[in-house]
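To start, the structure under review is shown below, and the notes come after it.
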Amino acid sequence: MGGKARTGDLGFRLGTGVFALALVLLVVAIGYELTRQSMLSIEKFGWNFWRTTTWDPVTGDFGALPFLWGTLYSSFLALVLSTPVALGIAVFISELAPGRLRQPLVFLTELLAAIPSIVYGLWGIFVLVPVVRAMETAAPDWLRQIPLFSGPPLGVGMLAAGVILAIMIVPFTASVAREVLKSVPIAQREGAYALGATRFEAIRAALYYARTGIIGAVMLGFGRALGETMAVTMVIGNTPRISASLFAPQYTMAAVLANEFTEADTDLYLNALIEIGLVLFIITLFINGLSRLLIWSMARPAKALGVASTVPAEESAA
Amino acid sequence: MKPIQKVLATIAAIAVMVGAVAAQTMKITGAGATFPYPIYSKWFSEYNKLHPTVEINYQSIGSGGGIRQLTNQTVFFGATDGPMTNDQLVAAAGRVLHLPTVLGGVVPVYNIPGVTAELKFTGPVLANIFLGTITKWNDPAITALNPGVNLPGSDIIVAHRSDGSGTTYIWVDYLAKVSPEWKRRAGVATAVNWPVGIGGKGNEGVTGLVKQTPSSIGYVELIYAVQNKISYGSVQNMAGEFVAASLESVTAAAAAAAAGMPADFRVSITNAPGRGVYPISSFTWLLLYENPRDKAQAKVMVEFVKWALTDGQKYAAELGYSPLPANVVQMEMAALAKIKIG
């Protein structure tokens with residue numbers, strides 16, 4: 001009987017182990033397949049694919065720099081807009097909110113994450129874009145002289161995309177940051193209070209202690225923003241032209257894939273689109289990996305006393 | 001009987017039953033253009049009511065995807081809004097027959113505050129707006145066509161499709177015919193390198209952009225403009241008349257083009273000659289192999305196409321498509337004989 005249970009255990013471990021391994025293999029297989037299917041474009045354009053700005057399916061001339069630019073610009077903008085809000089939510093829920101309010105607030109932020117992307121997109125078209133257009137129209141002339149705010153007031157464009165992305169990533173950043181704050185040892189806070197710190201100072205100390213994990217939470221949001229497709233393509237204006245202006249219509253890598261994949265009729269065209277997918281895959285893998293690493297490195301020392309005790313020393317040195 | 005024999009016997013019995021059902025129901029799959037999807041799904045469901053044993057399954061994955069799947073023979077038939085290129089025909093697994101099924105028209109839609117009149121456009125004016133060489137609504141080229149309309153001096157905002165689309169193909173095919181510069185700078189395809197403008201996803205995306213953005217112009221399928229109550233302009237045809245798109249004026253374009261119809265039906269009917277013709281019109285095609293592998297499916301499919309080209313045409317109008325003119329139907333009936341069904 002005992003032996004039977006042991007073989008059962010072994011079988012279970014092997015079985016689940018195979019599934020875990022399959023996941024790793026799947027990621028490798030995706031990377032391999034994306035590379036294989038974009039070879040035509042990689043061979044034909046080389047690095048120029050990422051250095052040139054013409055995207056012309058008719059002549060078969062493909063340069064993806066505008067998409068790369070738009071993806072990084074919109075995600076970075078979303079990061080800048082969402083981080084203060086997300087951190088505010090995280091701090092309020094974990095440090096300040098009365099117990100009765102805490103659970104409903106957690107539920108509400110996580111509800112935001114459950115709304116389908118297309119719904120955000122529709123809301124973007126019908127509510128956000130007109131508001132953005134009104135703001136752009138109201139912008140005074142001196143403001144328009146600045147390259148950041150130049151161009152006609154279209155409504156659709158980088159600003160609308162950044163705002164909608166920011167709203168979409170707030171719940172992710174906020175809930176991870178909240179978890180990270182929760183992992184700050186209670187002794188930290190008590191220590192701060194014992195030294196006569198005010199509540200604000202104690203929270204600041206906790207934030208400082210949790211900084212690595214919080215950076216990880218922010219980057220996790222960034223990773224989400226990079227790959228977001230439907231909502232962005234509905235409000236960004238889908239124009240492959242590099243511009244510094246928030247008012248200008250631009251394009252992202254995910255959006256061009258969603259838009260052009262179905263009708264890509266030549267092999268080179270399809271390969272060029274898949275190469276964009278490959279690079280997007282690598283970037284998101286890298287960003288997500290890095291953010292997980294940061295969150296994980298934060299969560300671990302909290303449990304190991306020996307490491308935690310070195311932190312105050314580090315702090316006093318800083 | 002031993003239990004194991006019982007199980008085997010049951011399995012065998014089930015297999016026989018399933019086989020019998022499969023022999024009765026004919027399932028045919030196809031894939032392709034999204035533009036004709038509403039009429040195709042109507043046809044397939046109506047045809048299934050008449051012939052309950054025939055089930056035709058259509059995936060609207062886009063013209064490009066449809067051609068690819070037909071080439072790889074993963075579907076029995078394809079559908080496209082732009083005829084296959086010579087390269088694509090060579091890559092296919094056999095001779096492919098193009099069969100026009102219905103017609104569609106693409107209209108210039110605009111949103112100019114204070115302007116309620118139906119604007120008149122010519123091909124070159126539309127091309128120059130989409131090239132970005134006409135930038136204001138009160139440009140002399142536009143005001144000369146529209147005397148009595150008080151056009152504002154605001155910047156024209158161009159909206160186009162961001163996704164690859166048969167609608168775009170029809171639109172730019174027309175622009176390339178009327179403007180050498182468009183042909184040189186942008187060309188003809190389901191997606192092009194747009195000189196100016198912002199992109200919206202789908203007919204509804206462009207409709208949304210134009211509806212919301214004052215001083216804008218875009219292009220959509222006629223049915224979308226009608227359903228969304230957006231103003232659309234009339235366009236000058238080869239005969240010099242300004243014609244608004246309608247089911248009749250689109251069919252007229254096909255009837256006019258029938259005289260010069262090539263044997264393989266791969267014809268663009270934009271800017272067609274003749275009176276009463278709306279110039280931005282196009283066929284949409286079904287794609288079938290002339291010598292398909294599965295002859296039983298071929299036989300059923302040919303019967304279906306015959307029905308679609310005749311009785312099926314009556315469903316076109318209610319869904320916003322223009323029916324085929326009689327002379328084109330006649331030519332197609334003759335062409336259907338090319339398909340080997342035995």
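The figures here come from the full heavy-atom set of this structure, side chains too, leaving out hydrogens, waters and symmetry mates. Within every chain, numbering begins at 1; the chains are lettered A, B, ... in the order of the sequence lines, protein sequences first and strands thereafter.
Contacts of A/Thr54 with chain B are made by side-chain atoms alone, with heavy-atom separations under 4.5 Å and no backbone atom involved. Both the backbone and the side chain of B/Ser63 come within contact range of chain A, each with at least one heavy atom under 4.5 Å from a heavy atom of that chain. The contact between B/Ser165 and chain A is made entirely by backbone atoms, counting heavy-atom distances below 4.5 Å. Using a 4.5 Å cut-off between heavy atoms, A/Phe126 contacts chain B through both its backbone and its side chain. For A/Ile236, no part sits under 4.5 Å from any heavy atom of chain B, backbone or side chain. Within the 4.5 angstrom heavy-atom criterion, no atom of B/Ile67 approaches chain A.
Of the listed residues A/Gln250, A/Arg241, A/Glu260, the one with more heavy-atom pairs under 4.5 angstrom with chain B than any other is A/Arg241. In terms of non-hydrogen atom pairs under 4.5 Å with chain A, the most contact-rich of B/Ser216, B/Gly64, B/Gly199 is B/Gly199. Interface check for chain A: of the options B/Gly62, B/Ala159, B/Ala33, the most heavy-atom pairs under 4.5 Å are formed by B/Gly62. Your options are A/Gly237, A/Pro130, A/Ala255, and the one with the most heavy-atom pairs under 4.5 Å with chain B is A/Gly237. With chain B as partner, the option from A/Leu270, A/Val58, A/Asp61 having the largest number of non-hydrogen pairs under 4.5 angstrom is A/Val58. Per-residue counts of heavy-atom pairs under 4.5 Å with chain A were compared for B/Ala189, B/Gly197, B/Ser215, B/Ala191; the largest is that of B/Ala191.
Remark: A/Glu33 engages A/Arg36 in a salt bridge, criterion side-chain N to carboxylate O under 4.0 Å.
The aromatic rings of B/Phe130 and B/Trp182 sit perpendicular to each other, their planes meeting at more than 60°, with 30° as the lower class boundary.
Here the side chain of B/Tyr110 pairs a donor or acceptor atom with the backbone of B/Leu119 at under 3.5 angstrom.
A/Thr233 and B/Lys201 are not linked by any side-chain donor-acceptor pair at a separation below 3.5 angstrom, with hydrogens and angles left out of the test. A donor-acceptor contact under 3.5 angstrom links the side chains of B/Tyr40 and B/Thr101, judged on distance only. Under 3.5 Å, the side chains of B/Asp155 and B/Thr135 contain no donor-acceptor pair of N or O atoms.
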- Item | Verdict with supporting geometry, B/Lys183 and B/Val188, side-chain contact (heavy atoms from CB on, under 4.5 Å) | CA-CA 7 Å; B/Lys183 197 171 183 179; B/Val188 182; 5.7 Å; no
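Atom CG of B/Asp139 is surrounded by more than 12 heavy atoms from other residues, nucleotides or ligands within 6.0 Å.
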